[in-house]
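Keep in mind it's a predicted model, so treat the numbers as computed, not measured.
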Amino acid sequence: MTSTPAAYLHVVRSGALTTVQDAGRPGWAHLGVGRSGALDAPAARMANRLVGNPPGAAVLETTLTGCAVRPDRPVVAVVGGAGCPVRVDGRPVAWGEPVRVPAGAVLEAGPAVTGLRSYLAFAGGLEPDAVLGSRSADLLSGLGPAPLGAGDTVPLGDPAKPSGRVESSGPAGPGSAVGPGDPAKRCGPAKRRGPAERCGPPAAAGPVPWPGAPVELVLPVHLGPRHDWFTAPALRTLLTADYRVSPHSNRIGLRTEGPALERFRTEELPSEGVVLGAIQVPPDGRPVVFLHDHPTTGGYPVVGVVAERALAGAAQAVPGTRLRFVRS
């Protein structure tokens, strides 16, 4: 039986799209269930480590316009990923570093200035009900918690109880120095705060280098399995042409604008399994790179597959970003 959470995160502003994400649910593709999980996985892991969580703990993933949340207990939080202004109760605080958020204060991640997706990590993690071992929202299948809206609540984990985290063990970052006796635990609502109860980074935190958003996105491609369904000029086009990231991209796939790829074979392809990073070519000929909420099967030919390590850049590429595919 699941115990009742001691604290919640209240959504004040949900922005364009805010979801709960963790490391996803790999291993279920044979049952038609995709991986899901944070699109910029390195950013989510770094944010977790800075607040002392296991790297796969659940975080908030925002898209473009940020979000605002209010915890009902003091918590240490980090906003990372896409660069954006960060405020606690309207006062500017550090982006990319741990900050203390008092009970009842509003933590706001503003609109992205660089990149596309920001990640909000909280000491103890977030604890909505897990589905198939993950707390991630899958927008295609509908598994996991629904996208958040104003007025929603998300259970907060207890940073003092590892059993409340998504993972039972793992490397902890600088934020792990924040314990139950830290001033963050004594930081009350703004109207009751004293001089010693200010918001700010824990004393152990220091500057952390975060990857910048790509000015140009270069995606390494391993051709196949259906590259032989395309003409030789089409394959040259794929590997030499300039594309742009389409504004119709989402968590399911990164769509492109640019030259169409001509097919050598035009018959129907029976549906077959597809993987994270697969480059599917729909009837309009413009490549689509499957991201974490992709379907597990598809009926359009896959001309190649992008290495997973390159997909974090795709998660932060804003519409209009120049895109090149290169053979790996």
Within a strict 4.5 Å, meaning less than it, do heavy atoms of the L140 and H294 side chains meet?
-> no

Does the pair E108/R87 count as a salt bridge with the N-to-O cut at 4.0 Å?
-> no

Between P26 and A23, what is the shortest heavy-atom contact and its length?
-> CD-O, 4.3 Å

Quick one: does T321's side chain have a donor or acceptor within less than 3.5 Å of a partner on A317's backbone?
-> no

Is a side-chain donor or acceptor of T18 paired with a backbone partner of L148 at a separation under 3.5 angstrom?
-> no

Derivation and outcome, side chain to side chain contact (heavy atoms under 4.5 Å, CB included), residues S14 and C67 = CA-CA 5 Å; S14 58; C67 70; 5.6 Å; no

Is D129 paired with R135 through a side-chain N to carboxylate O contact shorter than 4.0 Å?
-> no

Does S246 reach the side chain of T256, with side-chain heavy atoms less than 4.5 Å apart?
-> no

Give a yes or no answer on whether the side chain of D22 reaches the backbone of G56 with a donor-acceptor pair at less than 3.5 Å.
-> no

Using the ring of each side chain (for Trp, its six-membered ring), is Y243 parallel, tilted or perpendicular to F325, with breaks at 30° and 60°?
-> perpendicular

For P214 and G313, which heavy atoms make the closest approach, and how far apart are they?
-> CG-O, 3.5 Å

Distance-only side-chain donor-acceptor flag, Q280 / Y300, under 3.5 Å = no

Flag side-chain contact, heavy atom, 4.5 Å: L17 against T19 | yes

Kindly indicate, with the supporting measurements, whether the criterion side chain to side chain contact (heavy atoms under 4.5 Å, CB included) is fulfilled by D89 and L107.
-> CA-CA 7 Å; D89 273 352; L107 170 66; over 6 Å; no

Within the distance-only criterion (no hydrogens, no angle test), does the side chain of R117 pair as donor or acceptor with the backbone N or O of A315 below 3.5 angstrom?
-> yes

Cationic N near anionic O, under 4.0 Å, E257 to R286 = no

Heavy-atom pair with the smallest gap, counting every atom of A82 and L116 | CB-N, 3.6 Å

What heavy-atom pair brings E308 and R35 nearest, and what distance separates the two atoms?
-> OE2-NH1, 2.7 Å

Looking at P98 and V76, what are the two nearest heavy atoms and their distance?
-> CB-CG1, 3.8 Å

Judged by atom type as modelled, is there a donor-acceptor pair below 3.5 Å linking the side chain of W28 to the main-chain atoms of G34?
-> no

Does any non-hydrogen side-chain atom of P74 lie less than 4.5 Å from one of P102?
-> no

Could you tell me whether the side chain of T153 reaches within less than 4.5 Å of the side chain of D72, counting heavy atoms only?
-> no

Give the intermediate values and the outcome of side chain to side chain contact (heavy atoms under 4.5 Å, CB included) for residues R244 and L323.
-> CA-CA 5 Å; R244 297 280 174 177; L323 164 63; over 6 Å; no

Is there side-chain contact between P301 and R263, with at least one heavy-atom pair below 4.5 Å?
-> yes

Would you say the side chain of P128 lies within less than 4.5 Å of the side chain of L126, judging by non-hydrogen atoms?
-> yes

With a cut-off of 6.0 Å (strictly less than), are more than 12 heavy atoms of other residues, nucleotides or ligands near CZ of R25?
-> yes

Between P287 and I279, the two heavy atoms sitting closest are CB-CG2, 3.6 Å

V59 and its side chain to side chain contact (heavy atoms under 4.5 Å, CB included) partner, picked from L120, N48, V78, V20 = N48

Do L235 and V303 have side-chain heavy atoms sitting under 4.5 Å apart?
-> yes

Out of V86, V93, V99, L60, which one pairs with V79 under the side chain to side chain contact (heavy atoms under 4.5 Å, CB included) rule?
-> V86

